[in-house]
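Report on the following structure.
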Amino acid sequence: MPLPRFDRLPAERRELILGVARRHFAEHGTEGASYNKIIEAAGVSKTAAYHYFDGREDLLNAVLDGVFERLLDALGPWVPARDEADFRARFAGGSAALAAHLRDHPEDLALADAAIGRTHAGPWLAWFGALVTDGQRLGMIRTDVDHGLLVSATAAVIRAADAWALARMTTEQVLPEAADFPEAGEASAQLWCLLYGLWGGAVTTAAATAGEDPSDAP
């Protein structure tokens, strides 16, 4: 994390430095970006830079922390659902908000995979913990598996789907519209099928009762 002297800088100066660093890491990759070029572009001397950060990795961590916080803010807290339909709608709404943020912030898009993949197990798993608990309350998610294991598995499935979508968006150079996220179209059907199987078929049974094919779920 940044050293105390960095925190004492004016907010505008801190954001300028982190913004320059974010742009360089987004353009050149978390491994390829040059620390010296970043601080030069930010107008920071080498001496001052080492009063602000414990080197390149410390600066990268500060940038990724900021990206991660914005992703969580865009996703928003999980709000308990009224029923299964509301549960699905809330999940889709959070995903759409995240997609919109990434569409409007391409640097966050470029760094999202690295930011999510770091050791942010606490706040990230807390969101999925709230989702799983709510799904169990509604009778949608099995209760015969340890809660912590089910939360981790659910997060891993959605994480894999998100990583796949992010890879498509960056390598194919397409805008992250809703259709490019695993909550829409064909990708949505695949994701929900995976989740149905993981959650024990409770949602599958409900969908079948309603005369629906789970693989056709929106």
Side-chain angles (χ1 to χ4, degrees), residues 68-105 108-109 112-113 115-117 120-169 174-218:
F68 185 78
E69 289 172 5
R70 288 189 293 278
L71 296 182
L72 277 184
D73 287 344
L75 189 61
W78 179 260
V79 177
R82 296 184 300 275
D83 51 31
E84 180 178 330
D86 190 41
F87 181 94
R88 290 169 61 88
R90 291 186 187 282
F91 183 78
S95 298
L98 183 59
H101 172 82
L102 293 174
R103 181 183 63 241
D104 296 337
H105 300 84
D108 282 0
L109 168 61
D113 196 50
I116 295 172
H120 287 296
W124 194 247
L125 288 182
W127 193 91
F128 288 101
L131 179 146
V132 168
T133 297
D134 199 34
Q136 290 177 329
R137 176 184 62 84
L138 294 170
M140 296 172 58
I141 299 179
R142 66 196 304 167
T143 58
D144 61 330
V145 174
D146 178 79
H147 183 269
L149 176 59
L150 195 56
V151 169
S152 295
T154 298
V157 167
I158 298 174
R159 171 85 174 84
D162 285 346
W164 173 78
L166 288 168
R168 285 187 60 206
M169 290 156 53
V174 294
L175 288 176
E177 302 293 348
D180 296 315
F181 267 73
E183 290 70 33
E186 177 187 0
S188 175
Q190 295 179 36
L191 172 60
W192 281 106
C193 280
L194 288 172
L195 291 176
Y196 291 157
L198 173 64
W199 290 343
V203 184
T204 302
T205 301
T209 301
E212 301 172 0
D213 182 344
S215 65
D216 293 332

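- Applying the side-chain hydrogen bond (donor to acceptor under 3.5 Å, both in side chains) test to Thr143 and every residue at least two apart in sequence or in another chain returns nothing.
- Remark: Asp73 engages no residue in a side chain to side chain contact (heavy atoms under 4.5 Å, CB included) (not counting sequence neighbours).
- Rounding to the nearest 0.5 angstrom, the gap separating the CZ atom in Phe91 from the CG atom in Leu75 is 8.5 Å.
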Sequence neighbours excluded and cut-off under 3.5 Å, please list the side-chain donor-acceptor pairs for residues 126-139, or say none.
from	atom 1	to	atom 2	distance (Å)
Trp127	NE1	Gly76	O	2.7
Thr133	OG1	Gly129	O	2.9
Thr133	OG1	His147	NE2	2.9
Asp134	OD1	Arg137	NE	2.9
Asp134	OD1	Arg137	NH2	2.5
Asp134	OD2	Trp78	NE1	3.1
Asp134	OD2	Ala81	N	2.7
Gln136	NE2	Arg142	O	2.9
Arg137	NH2	Ala81	O	2.5

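- Taken to the nearest 0.5 Å, the CG atom of Asp83 stands 9.0 Å off from the CE atom of Met140.
- Taking the side chain to side chain contact (heavy atoms under 4.5 Å, CB included) definition, one finds that His101 meets it with Arg70, Leu71, Ala74, His105, Asp108, sequence neighbours left out.
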Check: residues 149-158 side-chain donor-acceptor pairs under 3.5 Å, at least two apart:
from	atom 1	to	atom 2	distance (Å)
Ser152	OG	Gly148	O	3.1
Thr154	OG1	Leu150	O	2.8
Thr154	OG1	Trp199	NE1	3.1

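- The distance from the CG atom of Leu72 to the CD1 atom of Ile116 is 8.5 Å, given to the nearest 0.5 Å.
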